[in-house]
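Just so it is clear: chains get the letters A, B, ... in the order the sequence lines come, proteins before strands, and each one is counted from 1.
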Amino acid sequence: MSGLFYRDLVLAIRAGGGFGLALAFFLIVVVLVPFGVGPSAGVLAPIAPGVLWLGALLACLLSLDRIFATDFEDGSLELLVTAPVPLEGVVAVKALAHWVTTGLPLTLAAPLFGVFLNLPSGGYIWLVASLALGTPALSMIGAFGAALTVGLKRGGLLMSLLVLPMYIPTLIFGADTVRRGVEGLAAGTPLILLAGITLGALALLPFAGAAALRVNLR
Amino acid sequence: MDEALLTVEGLACARGGLSVLEGVSFSLAAGSALVLRGPNGSGKTTLLRTLAGLQPGLAGRIAGAGEAVAYAGHSDGLKSTLSVTENLQFWAGVFGAGSIAPALEAFQLEALADRAAQSLSAGQKRRLGLARLLVTGRPLWLLDEPTVSLDVSAVRMFAAAVERHLETGGAAVIATHIDLGFAADVLDVGAFRARAPRGGAFDEALA
């Protein structure tokens with residue numbers, strides 16, 4: 001299991017764009033927004049929480065199809081299914097590796113990108129906290145979506161259509177946590193709900209993902 | 001030698017919802033090999049995938065497969081950016097095996113150990129894919145056209161590896177068209193061709 005985790009990390013780094021691609025995409029989204037809505041602080045500050053969370057979500061989506069697609073193409077997914085590791089564990093470990101290469105760097109870089117959007121000072125701690133608790137759900141839900149569409153030619157678009165609606169609760173509570181933090185309200189409640197979504201996803205979706213993989217490999 | 005590693009009774013399997021084979025029955029003792037023959041499309045791959053547990057059978061019984069199986073299909077499961085050693089070490093870790101040195105030696109991969117898999121030739125990739133079997137430590141090998149893109153000497157390497165595996169109490173089911181040069185039973189898959197196309201709806205119900 002740890003071997004699989006390590007292998008996925010090495011592959012993400014060697015293939016290029018493991019850590020960098022999602023971060024660069026996040027950066028570009030965040031830089032583009034002021035060009036679109038104008039640079040005035042009064043406009044940017046209220047939308048900053050939502051834009052930061054949307055950017056993180058789209059950056060996460062970008063590398064989802066690689067979770068299983070490459071392993072499917074070169075045949076190693078079939079070999080993993082016949083190997084003495086539980087497929088549920090394979091799905092969970094691959095989601096974890098995806099989070100370490102996308103969600104974790106996004107979380108760490110988010111405060112810097114918050115400055116670009118003139119995020120008020122009260123929001124930074126909540127931004128990091130909500131991303132740290134919310135992005136694992138994005139990776140886990142994404143791994144499930146990738147498992148559903150593995151083996152389909154050009155399954156990437158279909159996967160986005162499947163996965164993005166499932167991201168809605170995470171987006172709502174994540175952005176709401178930051179917004180409440182900015183306004184000085186109690187942000188604990190949406191943060192706890194966000195953590196609940198993440199825990200639920202981590203508990204249920206490895207099994208759903210493994211079932212989807214088994215059907216798709218037939 | 002008399003203990004059966006794999007017993008198959010009345011197995012029927014389907015591909016793409018269409019029943020391909022039915023009534024497949026055989027038994028494989030430790031130390032013996034079974035060669036599957038039959039024209040293209042006769043169901044050799046489907047039978048091997050069913051035995052490996054990658055797809056469920058429509059009817060019948062398979063005893064002894066499951067955790068005993070090491071499967072090698074048409075693709076080798078190699079990561080192009082990892083080196084030969086890293087590829088093998090990953091699978092050795094997954095299967096809990098120790099050293100990869102015997103596997104490297106059996107397929108003469110030592111000289112290539114640090115090369116990235118993407119820079120190997122097709123035959124070298126195949127050898128690496130087959131070397132993976134040795135690090136699985138599993139008794140029952142299911143091999144689907146293992147000699148594709150191998151040259152004559154590599155085929156001999158492969159045959160020697162299978163023979164050693166059989167001598168140490170393993171067994172193998174091999175779909176191949178060439179003569180590997182060791183004693184093996186032959187099963188003509190064409191004899192079990194499913195007669196009427198049936199079972200499409202049944203397969204849907206299973207899925």
Side-chain angles (χ1 to χ4, degrees), chain A residues 1-21 63 66-94 97 101 147-153 208 210-218, chain B residues 13-17 45-46 48-58 65-83 86-97 116-118 125-126 128-129 132-133 135-138 140-142 144 203-204 206-207:
Chain A
M1 275 294 158
S2 61
L4 181 64
F5 176 67
Y6 175 72
R7 183 193 74 150
D8 268 27
L9 285 192
V10 171
L11 286 175
I13 293 164
R14 288 209 192 146
F19 288 98
L21 196 67
S63 51
R66 292 181 13 174
I67 296 184
F68 293 115
T70 51
D71 277 347
F72 178 78
E73 280 158 18
D74 63 25
S76 37
L77 197 55
E78 284 185 350
L79 303 178
L80 277 173
V81 172
T82 56
V85 287
L87 198 54
E88 291 78 10
V90 170
V91 175
V93 164
K94 283 187 153 286
T101 49
L148 277 178
T149 54
V150 75
L152 294 179
K153 298 266 181 286
L213 281 182
R214 285 201 183 93
V215 170
N216 277 337
L217 279 178
R218 272 180 200 171
Chain B
C13 33
R15 183 177 178 108
T45 297
T46 307
L48 283 173
R49 287 177 57 89
T50 310
L51 292 177
L54 286 168
Q55 57 181 67
L58 294 178
E67 290 287 289
V69 163
Y71 171 76
H74 290 293
S75 39
D76 295 316
L78 304 177
K79 287 294 168 196
S80 54
T81 48
L82 297 185
S83 73
E86 286 170 324
N87 268 301
L88 266 188
Q89 239 151 16
F90 166 67
W91 289 111
V94 166
F95 283 91
Q118 61 191 355
K125 280 182 189 160
R126 193 76 221 186
L128 176 53
R132 182 185 58 84
L133 293 166
V135 303
T136 61
R138 294 226 164 148
L140 180 59
W141 289 1
L142 303 177
D144 196 355
D203 188 49
E204 292 296 326
L206 273 178

Point to revise | A:Leu77 versus chain B, the contacting section by heavy-atom distance below 4.5 Å | key: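 It is neither, since no heavy atom gets under 4.5 Å.
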Point to revise | chain B contact via A:Ser2 - which portion, at a heavy-atom distance below 4.5 Å | key: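 Nothing of A:Ser2, per the 4.5 Å heavy-atom cut-off to chain B.
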So for [X], is it side chain, backbone, both, or neither that comes closer than 4.5 Å to the heavy atoms of chain A?
{"X": "B:Phe90", "result": "side chain"}
{"X": "B:Glu86", "result": "side chain"}
{"X": "B:Leu82", "result": "both"}

Tell me, do [X] and [Y] make a side-chain contact under 4.5 Å, heavy atoms counted?
{"X": "A:Arg218", "Y": "B:Arg15", "answer": "no"}
{"X": "B:Trp91", "Y": "A:Leu80", "answer": "yes"}
{"X": "A:Arg214", "Y": "B:Leu54", "answer": "no"}
{"X": "B:Thr81", "Y": "A:Leu11", "answer": "yes"}
{"X": "A:Val10", "Y": "B:Lys79", "answer": "no"}

Practice item. Name the member of A:Pro84, A:Ala83, A:Gly75 that forms the most heavy-atom pairs with chain B at distances under 4.5 Å. Key: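 Result: the option with the highest number of such pairs is A:Pro84.
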**Study point:** Pick from A:Thr70, A:Asp71, A:Val85 with the largest number of heavy-atom pairs that fall under 4.5 Å of chain B
**Key:**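 The candidate making the most pairs under 4.5 Å is A:Asp71.
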Exercise for review: Would you give the length of the straight line joining atom CD of A:Glu78 to atom OG of B:Ser75, rounded to the nearest 0.5 angstrom?
Suggested key: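 Rounded to the nearest 0.5 Å, the CD-OG separation comes out at 6.0 Å.
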Review point. If you take all heavy atoms of A:Thr82 and B:Ala52, which pair is closest and at what distance?
Key: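 What the structure gives for the nearest pair is CG2-O, 3.6 Å.
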Check your understanding: Does atom CZ of A:Phe5 have more than 12 heavy-atom neighbours, drawn from other residues, nucleotides or ligands, at distances under 6.0 Å?
Key ->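 Yes, because the 6.0 Å sphere around CZ of A:Phe5 holds more than 12 heavy atoms from other groups.
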